[in-house]
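Being a predicted model, the structure only gives us computed values, none of them experimental.
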Amino acid sequence: MINIYRKILLLFFLFLVCNLKMYAQQLNCTGKMLNSRDGKIDAICFSRTPNPIDNKTKYSIQISGVEIYEVDFTYYKERDSILVDFYDKQNPISKRESVKLMSKDSHFLICDYKPNVLPIDTASRTFQILFGIDHPNQQFITLYQFHATGGIQTQFFLQGVPKNFYEDHYNAVLLKRAIDSLQAKHNSSVASLKKDMISYKDSVKNSIEAKENANKLKGTAQMANTALQEDFTKKMDNIFISYFKNIYSINNEAFDVNFTFNCNGYGNITVDTAQSVLFKSGPQRNWLRDSLIRRIKPEIEKEVYKTRTSANLNPKLKTEFSNWFKKRISAYNLEADSAVFVETQRQINDELSLYETRTVDMPTIYTYTFNYTSAVKNPTWKFVNENDGTDKFVDKSDKEESVEITENLKRIFRDKFGARGNGKYLLKICTLSLNKDAFEGQDIYLIEKK
């Protein structure tokens, strides 16, 4: 039994010695603390956890056995970042900083929370922080110097940077810069090819649209088909009758006028009065031509008309684009990166599909015939306004000039001449017919009252 107790005591003693030895190895008392405010330099000791625990490395800074500062590193390898937490044990102050890293960055020296800094001259200046990741896979972090929280009055120098670390850092940074340069050239080539692809697509579309626009303006004009002509005739009837139903020439005359209108592919008509108007029957009338210029022409030109259409077929657009792309990707030496361009190719092919079969509005020729008939007679009416308020009309005309006294004519007479009172009226009555009775109207003019 006594031997067992002796063995237990011996094992405990050996464990204690090993731990003390390990602690003694971890504690490094070669560091310095520089206080720039009063110019003091104090010796410090520091220790680091012998192995990262849960991706954390902790530094403890001591003076005369009392911990005055703590710096904790948390290395998130999967997120390529390091969090640095500072704890001032004397003032209770804390601060957190972070470092973003990429796999190609130099891990030998991290200066002022940035990788890849060159040059690093520890002989002539101090840094906010200087540390290295000497074993990135095991997440070992070595801290060399840092500013205390709250400013630059206190600087901690824990240990010097091994000379080979400077060299390794320098070479790693140069290698990263070379990789970045190659990557930049590669990215520039990818961006340039994508830009070329968009330019090619836009050029094809613009070329097709330019040809279509030229055809709309100057392409071979086609006569309007039956449906288009009927629709056009209805619009012209509305324009012509709306105006001429109020125009009475007060002369016996009748004429048919043929019009020809050239409508471009945009549905616009520009009326050329010198070319568009042809008097088919009856004498030419300057007043009609004048009315056409002043009143009818603006109404026609402000409308938009339907046109004949023509198919514009471009079946090889996507094949031609594919052949062009093969040559361009080879010229850029980017065949290995063809997957990068798949989405851009798809978008361009989608747009080009819309241009494979196009319907183009073409110049269209419309015709229109306007008929104007004015019949005039000169009747004589006796008008009597009876005491009971009724009116009495008596036709005193010769048989050739006699006009049926309709209720419509009575209304027109009363409105225009009723206030003149009883008497015998020599009148001029105009009966107007437009477009073969599409519109009929009458008006009365006074020649003389007896």
(request) Kindly indicate whether the side chain of R294, heavy atoms from C-beta on, has any atom under 4.5 Å from the side chain of K297. (result) no

(request) Examine W287 together with Y372 and report whether their ring centres are nearer than 6.0 Å. (result) yes

(message) Just so I know, are the side chains of K234 and N238 near enough to count as touching, which here means a heavy-atom distance under 4.5 Å?
(response) no

(message) Can you tell me how the ring of F165 sits relative to the ring of Y144, calling it parallel under 30°, perpendicular over 60° and tilted otherwise?
(response) perpendicular

(request) Check for a donor-acceptor pair, side chain of S181 on one end and backbone N or O of R177 on the other, with a separation under 3.5 Å. (result) no

(message) Testing the 3.5 Å rule here: is there a donor-acceptor pair between the side chains of N28 and Q159?
(response) no

(request) For atom NZ of K176, decide whether the heavy atoms of other residues, nucleotides or ligands shown that lie under 6.0 angstrom number more than 12. (result) yes

(message) Less than 4.5 Å apart, side chain to side chain, heavy atoms only: is that true for V84 and I129?
(response) yes

(message) I'd like to know if the side chain of D112 reaches the main chain of F127, judged simply by a donor and an acceptor atom lying under 3.5 Å from each other, with no hydrogens or angles considered.
(response) no

(request) Output the distance between atom CG (D88) and atom CD1 (I93), rounded to the nearest 0.5 Å. (result) 5.0 Å

(request) Establish, from distance only, whether the side-chain atoms of Q229 and N225 form a donor-acceptor pair under 3.5 Å. (result) no

(message) What I'd like to find out is whether the side chain of Y266 reaches to under 4.5 Å of the side chain of T307, using heavy atoms alone.
(response) no

(message) On a heavy-atom basis, which atom in S47 and which in Q62 lie closest, and how many Å separate them?
(response) OG-NE2, 4.5 Å

(request) Taking atom types as modelled, find out whether Q347 and E351 have a side-chain donor-acceptor pair closer than 3.5 angstrom. (result) no

(request) Would you please classify the geometry between the F244 ring and the F240 ring as parallel, tilted or perpendicular, with 30° and 60° separating the classes? (result) parallel

(message) For Y69 and F146, take the angle between the two ring planes, folded into 0 to 90°, and tell me which bin it lands in: parallel under 30, tilted 30 to 60, perpendicular over 60.
(response) tilted

(request) Ignoring hydrogens and angles, state whether a donor on the side chain of D443 or Y445 is under 3.5 Å from an acceptor on the partner side chain. (result) yes

(message) Rounded at 0.5 Å granularity, tell me how far CD1 in I296 sits from CD in E301.
(response) 12.0 Å

(message) Tell me the closest heavy-atom pair linking Q145 and T126, and the distance in Å.
(response) OE1-CA, 3.6 Å

(request) Would you check if the side chain of R358 reaches a backbone N or O of L313 as a donor-acceptor pair within less than 3.5 Å? (result) no

(request) Calculate, to the nearest 0.5 Å, the distance between atoms CG and NZ belonging to L83 and K56 respectively. (result) 8.0 Å

(request) May I have the step-by-step check of side-chain contact (heavy atoms from CB on, under 4.5 Å) for M197 and I348, ending in yes or no? (result) CA-CA 8 Å; M197 293 167 70; I348 290 175; 3.6 Å; yes

(request) Would you mind checking if D350 and R346 are paired as a salt bridge, meaning a charged N to carboxylate O distance below 4.0 Å? (result) yes

(request) Indicate whether the side chain of E67 and that of S60 have a donor and an acceptor atom separated by less than 3.5 Å. (result) yes

(message) ring pair (Phe, Tyr, Trp, His ring centres under 6.0 Å), that's the test. Do F259 and F370 meet it? Break it down for me.
(response) CA-CA 8 Å; F259 296 89; F370 178 63; 7.2 Å; no

(message) Under the criterion side-chain contact (heavy atoms from CB on, under 4.5 Å), I'd like the reasoning laid out for T154 against M33: C-alpha separation, chi angles, the key distance, then a yes or no.
(response) CA-CA 7 Å; T154 304; M33 180 179 71; 3.6 Å; yes

(message) When you compare the side chain of T367 with that of F261, does any pair of heavy atoms fall below 4.5 Å?
(response) no

(request) Kindly determine whether I82 and K100 satisfy side-chain contact (heavy atoms from CB on, under 4.5 Å), including the steps that lead there. (result) CA-CA 7 Å; I82 299 175; K100 294 295 293 181; over 6 Å; no

(request) Output the distance between atom OG (S192) and atom OH (Y332), rounded to the nearest 0.5 Å. (result) 4.5 Å

(request) Might you point out which heavy atoms bring Y59 and L143 nearest each other, and give the distance in Å? (result) OH-N, 3.0 Å

(request) State, yes or no, whether a side-chain contact exists between K201 and K205 at a heavy-atom distance under 4.5 Å. (result) yes

(request) Grab the two heavy atoms, one from K245 and one from L434, that are nearest each other, plus how far apart they are. (result) N-CD1, 3.6 Å

(request) Please name the residue in the list M102, K104, K185 that meets the side chain to side chain contact (heavy atoms under 4.5 Å, CB included) test with D180. (result) K104

(message) Suppose we screen for disulfide (SG to SG under 2.5 Å). Which residues come up paired with C45, at least two apart in sequence or across chains?
(response) C29

(message) For E209, is there any backbone N or O sitting under 3.5 Å from a side-chain donor or acceptor partner on N213?
(response) yes

(request) Check side chain to side chain donor-acceptor pair (under 3.5 Å) between R414 and all other residues, then give those that pass, not counting sequence neighbours. (result) D391

(message) Tell me whether D361 is salt-bridged to R308, with the criterion being a basic N under 4.0 Å from an acidic carboxylate O.
(response) no

Report all side-chain donor-acceptor pairs from residues 314-327 shorter than 3.5 Å, counting only partners two or more places apart or in another chain.
residue	atom	partner	partner atom	Å
N314	ND2	Y355	O	3.0
K318	NZ	S353	OG	3.3
N323	ND2	T319	O	3.4

(request) Decide yes or no for F341 and K194: does some side-chain heavy atom of the first lie under 4.5 Å from some side-chain heavy atom of the second? (result) yes

(request) Using only heavy-atom distances, determine whether the side chains of S433 and E440 contain a donor-acceptor pair under 3.5 Å. (result) no

(message) Strictly distance-based, threshold 3.5 Å: is any side-chain N or O of H169 a donor or acceptor partner for the main-chain N or O of L118?
(response) no

(message) Test your reading of the model: is there a side-chain donor-acceptor pair from S374 to the backbone of N251, 3.5 Å cut-off?
(response) yes

(request) Rounded to the nearest 0.5 Å, what's the gap from CD1 on I300 to CG on N268? Could you check? (result) 13.5 Å

(request) Check the pair Q128, Y113 against side-chain contact (heavy atoms from CB on, under 4.5 Å), reporting the backbone distance first and the verdict last. (result) CA-CA 8 Å; Q128 297 179 58; Y113 308 104; 3.7 Å; yes

(request) Evaluate the side-chain proximity of F232 to E230: yes if any heavy-atom separation is below 4.5 Å, no if none is. (result) no

(request) Look at the side chain of D202 and the backbone N and O of S199, then say whether any donor-acceptor pair between them is shorter than 3.5 Å. (result) no

(request) Would you give the length of the straight line joining atom CE of M362 to atom CD of Q222, rounded to the nearest 0.5 angstrom? (result) 6.0 Å

(message) Using the rule side chain to side chain donor-acceptor pair (under 3.5 Å), only one of T369, T373, T233, D237 pairs with N435; which is it?
(response) D237

(request) Determine the minimum heavy-atom distance between K216 and P363, stating which atoms define it. (result) O-CG, 3.4 Å

(message) For a quick test of reading the model, state the closest non-hydrogen atom pair linking I110 to V99 and the distance between them.
(response) CG2-CG1, 3.9 Å

(message) Quick check against the 3.5 Å criterion: does K32 have a side-chain atom that pairs as donor or acceptor with the backbone of I41?
(response) no

